[in-house]
There are 2 protein chains.
Amino acid sequence: MKDYNEVTIYDIAEKLNLATSTISRALKDHHTISKKTIAKVKKTAQEMGYRPNNLAASLRSKKSKAIGVLLPTITQPFLSSLISGIEIAARKAGYSVIIMQSHDKHKDEVDLTKLLYDHRVSGVICSLAMETEDAAHFQLFKESAIPLVFVDRVPKGFNTYRVVIDNYIAGYKATKHLIAQGCKHIAHLTIGSEFGTIYHERKRGYLDALKEHNLEVDDKYVIRVKEITYDEGARAVKKLLSLKNKPDGIFAPGDILGVSAIQTAKKMGVKVPEELAVIGFNDDPISRIIDPNLSTITHPAEKMGQAAAEIILNSLKSKTKDDIREIAFLNTEVIERESSKRN
Amino acid sequence: MKDYNEVTIYDIAEKLNLATSTISRALKDHHTISKKTIAKVKKTAQEMGYRPNNLAASLRSKKSKAIGVLLPTITQPFLSSLISGIEIAARKAGYSVIIMQSHDKHKDEVDLTKLLYDHRVSGVICSLAMETEDAAHFQLFKESAIPLVFVDRVPKGFNTYRVVIDNYIAGYKATKHLIAQGCKHIAHLTIGSEFGTIYHERKRGYLDALKEHNLEVDDKYVIRVKEITYDEGARAVKKLLSLKNKPDGIFAPGDILGVSAIQTAKKMGVKVPEELAVIGFNDDPISRIIDPNLSTITHPAEKMGQAAAEIILNSLKSKTKDDIREIAFLNTEVIERESSKRN
DNA sequence: TTGTAAGCGTTATCAA
DNA sequence: TTGATAACGCTTACAA
């Protein structure tokens, strides 16, 4: 250990014959301290090798300069990009990022909210676990006025900040794209409950696009998957392509499902896009590798992360206990690739 | 705020007519406290809704129960899986995980080591930035006896814990696999300096495998890329396939490069694997999506993360200022897929 | 513009 | 087995 030479503001104060409070203020450019003193303090701090002790500051101010991030997992491309965006924005403002994974388990999510609370994080960014059906465990952040931002998988009927895309519009656009390619019988895969809303919203967009164009809305074309995996995707698509009236288009609400639709179709001798047009969701790396390349919907992960972090940072700065809960709607676009190009 | 009802050990002490020190000890099952008292304290703590304040504990003990993780980026599949492994192991032991991205910049890495130090993290897990050529900025962890584990991209000649695969063996195995498929002219892509060692080691394995089998070692078959991107991979492979003596095999030390080798070959009318066998590295998701599927080398990311975290945890527990710097070598395997199957 | 002094909630050192 | 008390390094009223 080299604790013996850990320099504190007390040491600086002694050396400069000033009070610790003056040092503390000078170091943070407090306006009541003269420029001369500030310069002098900073210079000697530098010379003495002073390093602030965030722990002490946090204890005193009851706020650690940290943002807690609670996600189902961090290995999905969308989520790791999200974290990246958060980390960049947080770092710039001098905040650190603590990450926790719920692994889509409700119980873990509940436990981790408590842990984050214990850590006295300044703010929390969360995307809900697939299992979660209520948001009661987030109440403690509200009660403690700790800014809370939900991203992507957001709870229904819980009043907080949220950063999302308009999943309804995105689903609508995706379906409309298939319609524009001449598809008449469009299938859809879906997952999740109404609580996490995003897949439900995408489905709403899908249904409304069909209705708007007077296209058949048929329950047998909407298949529910248990989880977003290649196996589940294959299972669902096999079922669809075994129908006597095969669909001629599929809107998959995730690229893993979209890719497995292409793979399954190829395996079954169904030509993509000629006989089956496919569009996915997210613009994951795999969508550009599959042959034919998968058309998809952009999901601006890094931007959403930055937006979420900035909302927290602003909320912390303005201190106004605003009851206006900001909703950031980020834009999405259709990316047209070979898997849906029929014209 | 509901600070007014924040319960502290002081409140518990008052209620039970005990000293705060007793409460503190009881809560941690200290052996000098009677079982009866421990039970009583825990029960009332529970009842009163007591939540420990890590910040205060950290300040006092000069150690925050946190592990700092410093990586080039978190969006690469290998690295996000690594973090996942770290998070799981750390969480189990009651430690939190703070992540920082160097974005492969040396300067950022230097700054972030200081930040991590300021945070009083209990330990640090790091994978070096591509730019980094010396490890001087990690010295402060050594001096403070903060356990430091390097993973994957480890520094040369800096004595600390490290969790790695044997990149030499892996490169050797990959090349040998191509040789077993009947390849006679095997090319290799490489990157990075000798400091970060991993790519250099893979290349050594490649060269030794060739030599062992009396196969041609030709400089024109070793192409250096500037970064691991599809564009750089395409550029390098285009060059290789334009030689009058085209290679009949490529060992790419990363799946992105391997995938772009396949794509480029296909585009140039070179058949994979018949005319060109390809093997990548990492077993990223894209390797199973590309057609033909990319043979590759496993890189046990999550396990490496867990191993790294556990080394730190053990080091913290045993407190022995051990100078034996553990090296964990994890196993790798060749995964044979279509891109190299010629027999 | 600067100083005084009281905490923040623990842990650790003695002493009992 | 338990208690009293002094830190840990900083922030922040309030005073000067």
Side-chain angles (χ1 to χ4, degrees), chain A residues 1-42 44-45 48-66 94 117-120 122 144 319, chain B residues 1-41 45 48-66 94 117-120 122 144 319:
Chain A
M1 304 280 187
K2 57 167 201 177
D3 280 354
Y4 59 88
N5 67 8
E6 206 70 75
V7 180
T8 73
I9 55 170
Y10 196 85
D11 300 323
I12 305 176
E14 197 172 35
K15 181 149 192 173
L16 293 179
N17 251 311
L18 287 169
T20 58
S21 51
T22 308
I23 309 298
S24 173
R25 288 174 188 129
L27 255 14
K28 328 198 105 53
D29 291 304
H30 200 278
H31 64 276
T32 69
I33 306 292
S34 73
K35 292 216 165 130
K36 220 159 95 186
T37 312
I38 290 183
K40 195 168 56 180
V41 169
K42 285 193 174 172
T44 28
M48 298 175 73
Y50 169 75
R51 320 238 73 215
N53 187 326
N54 308 325
L55 255 26
S58 298
L59 174 59
R60 181 59 232 238
S61 61
K62 296 189 166 191
K63 279 273 140 67
S64 74
K65 281 187 92 177
Y117 180 78
D118 288 351
H119 271 285
R120 270 69 178 172
S122 301
S144 321
K319 284 180 184 177
Chain B
M1 306 277 188
K2 56 166 198 177
D3 280 353
Y4 59 90
N5 66 8
E6 205 73 73
V7 178
T8 72
I9 53 169
Y10 196 84
D11 300 322
I12 304 177
E14 198 172 34
K15 182 149 191 174
L16 293 177
N17 251 311
L18 288 168
T20 58
S21 47
T22 308
I23 308 298
S24 174
R25 288 175 190 128
L27 255 14
K28 327 197 106 54
D29 291 304
H30 200 279
H31 66 276
T32 69
I33 305 291
S34 73
K35 292 219 167 132
K36 219 160 93 185
T37 311
I38 291 183
K40 193 168 58 179
V41 168
M48 296 175 76
Y50 169 75
R51 321 236 75 217
N53 187 327
N54 308 325
L55 254 27
S58 300
L59 173 59
R60 182 61 231 238
S61 62
K62 295 189 166 192
K63 278 270 142 63
S64 74
K65 281 187 93 175
Y117 179 79
D118 289 351
H119 271 284
R120 270 71 178 170
S122 301
S144 320
K319 284 181 184 175

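We name chains A, B, ... by the order of the sequence lines, and we start the count at 1 in each one.
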A.B. asks: Should the side chain of B:Arg60 and the base of D:dA7 be counted as holding a donor-acceptor pair, with the cut-off at 3.5 Å?
C.D. replies: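 Such a pair exists between side chain and base.
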A.B. asks: Once you round it to whole Å, what is the distance between P of C:dT11 and CZ of B:Arg120?
C.D. replies: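 Nearest whole value for this atom pair: 18 Å.
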A.B. asks: So, for B:Leu55 and B:Asn53, which heavy atoms are closest and what is the spacing to 0.1 Å?
C.D. replies: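 Reported closest heavy-atom pair: N-OD1, 2.9 Å.
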A.B. asks: Take the protein atom NE2 of B:His31 and the nucleotide atom P of D:dT2, then report the distance between them rounded to whole Å.
C.D. replies: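 These atoms are roughly 12 Å apart.
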A.B. asks: Hey, which of these two, B:Ser61 or B:Lys35, hits DNA chain D nearer its 5' end, going by closest nucleotide?
C.D. replies: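 The 5'-side residue here is B:Lys35.
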A.B. asks: Could you give the NZ-to-C1' distance, from B:Lys62 to D:dA7, as a whole number of Å?
C.D. replies: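 The answer, rounded to whole Å, is 10 Å.
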A.B. asks: Is the base of C:dG3 touched by the side chain of A:Arg25 through a donor-acceptor pair closer than 3.5 angstrom?
C.D. replies: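 Donor-acceptor pair under 3.5 Å: yes.
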A.B. asks: OP1 or OP2 of C:dT2 less than 4.0 angstrom from a side-chain nitrogen or oxygen of A:Thr37, does that happen here?
C.D. replies: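 Answer yes for this pair, as a side-chain N or O of A:Thr37 is under 4.0 Å from OP1 or OP2.
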A.B. asks: For residues B:Thr37 and B:Arg25, determine if any side-chain heavy atom of one lies less than 4.5 Å from a side-chain heavy atom of the other.
C.D. replies: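 No - every pair of side-chain heavy atoms lies 4.5 Å or more apart.
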A.B. asks: Expressed in angstrom and rounded to an integer, what is the separation of A:Leu16 atom CG from C:dT1 atom C1'?
C.D. replies: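 It works out to 16 Å between those atoms.
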A.B. asks: In whole Å, what is the span from the CD1 atom of A:Ile23 to the C1' atom of D:dC10?
C.D. replies: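 From A:Ile23 CD1 to D:dC10 C1': 13 Å.
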A.B. asks: Measure OH/A:Tyr10 against C1'/C:dT4 and give the value in whole Å, please.
C.D. replies: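 One finds 12 Å between C1' of C:dT4 and OH of A:Tyr10, rounded.
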A.B. asks: Scan A:Leu18 against the nucleic acid and name what it touches under 4.0 Å (heavy atoms): base, sugar-phosphate only, or nothing.
C.D. replies: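 Touches sugar-phosphate only.
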A.B. asks: Can you tell me if the side-chain N/O atoms of B:Thr32 get under 4.0 Å from OP1 or OP2 in D:dT2?
C.D. replies: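 Indeed not, no polar side-chain atom of B:Thr32 lies that close.
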A.B. asks: To the side chain of A:Ser24, which of C:dT10, D:dT2, D:dT12 is closest?
C.D. replies: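 The answer is D:dT12.
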A.B. asks: Kindly indicate whether the side chain of B:Val41, heavy atoms from C-beta on, has any atom under 4.5 Å from the side chain of B:Ile9.
C.D. replies: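 Of all side-chain heavy-atom pairs linking B:Ile9 with B:Val41, none is under 4.5 Å.
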A.B. asks: Using a cut-off of strictly less than 4.0 Å, decide whether B:Tyr50 has a side-chain nitrogen or oxygen near OP1 or OP2 of C:dT10.
C.D. replies: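 Answer yes for this pair, as a side-chain N or O of B:Tyr50 is under 4.0 Å from OP1 or OP2.
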A.B. asks: To check you understand the geometry: which heavy-atom pair defines the closest contact between B:Arg120 and A:Pro52, and what is its length?
C.D. replies: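 Answer, listing the atom of B:Arg120 first, then A:Pro52: NH1-O, 3.3 Å.
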A.B. asks: Any side-chain heavy atom of A:Lys65 within less than 4.5 Å of one from A:Asn54?
C.D. replies: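 Contact flag for A:Lys65/A:Asn54 side chains = no.
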A.B. asks: Any N or O donor-acceptor pair under 3.5 Å from the base of D:dA4 to the side chain of B:Ser21?
C.D. replies: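 Per atom types, the contact qualifies.
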A.B. asks: Calculate the interatomic distance between B:Lys63 atom NZ and D:dG9 atom P; express it in whole Å.
C.D. replies: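 Taking NZ of B:Lys63 and P of D:dG9, I get 13 Å after rounding.
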A.B. asks: So B:His30, base contact, sugar-phosphate only, or nothing? Heavy-atom distance under 4.0 Å.
C.D. replies: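 It contacts nothing in the nucleic acid.
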A.B. asks: Tell me what A:Lys28 touches on the nucleic acid: a base, only sugar-phosphate, or nothing, going by heavy atoms under 4.0 Å.
C.D. replies: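 Here A:Lys28 touches the backbone only, sparing every base.
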A.B. asks: Quick check for you: among C:dT2, C:dA5, D:dG9, whose closest atom lies nearest to any side-chain atom of B:Leu59?
C.D. replies: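 For the B:Leu59 side chain, the nearest candidate turns out to be D:dG9.
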A.B. asks: Nearest of D:dG3, C:dG9, D:dT2 to any side-chain atom of B:Ala19?
C.D. replies: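 Nearest to the side chain of B:Ala19 among the choices is D:dG3.
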A.B. asks: Heavy atoms under 4.0 Å, any strand shown: does A:Asp11 hit a base, just sugar-phosphate, or nothing?
C.D. replies: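 If one applies the 4.0 Å heavy-atom cut-off, A:Asp11 turns out to touch nothing in the nucleic acid.
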A.B. asks: Nearest of D:dT2, C:dG9, C:dA5 to any side-chain atom of B:Ile33?
C.D. replies: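 It is D:dT2.
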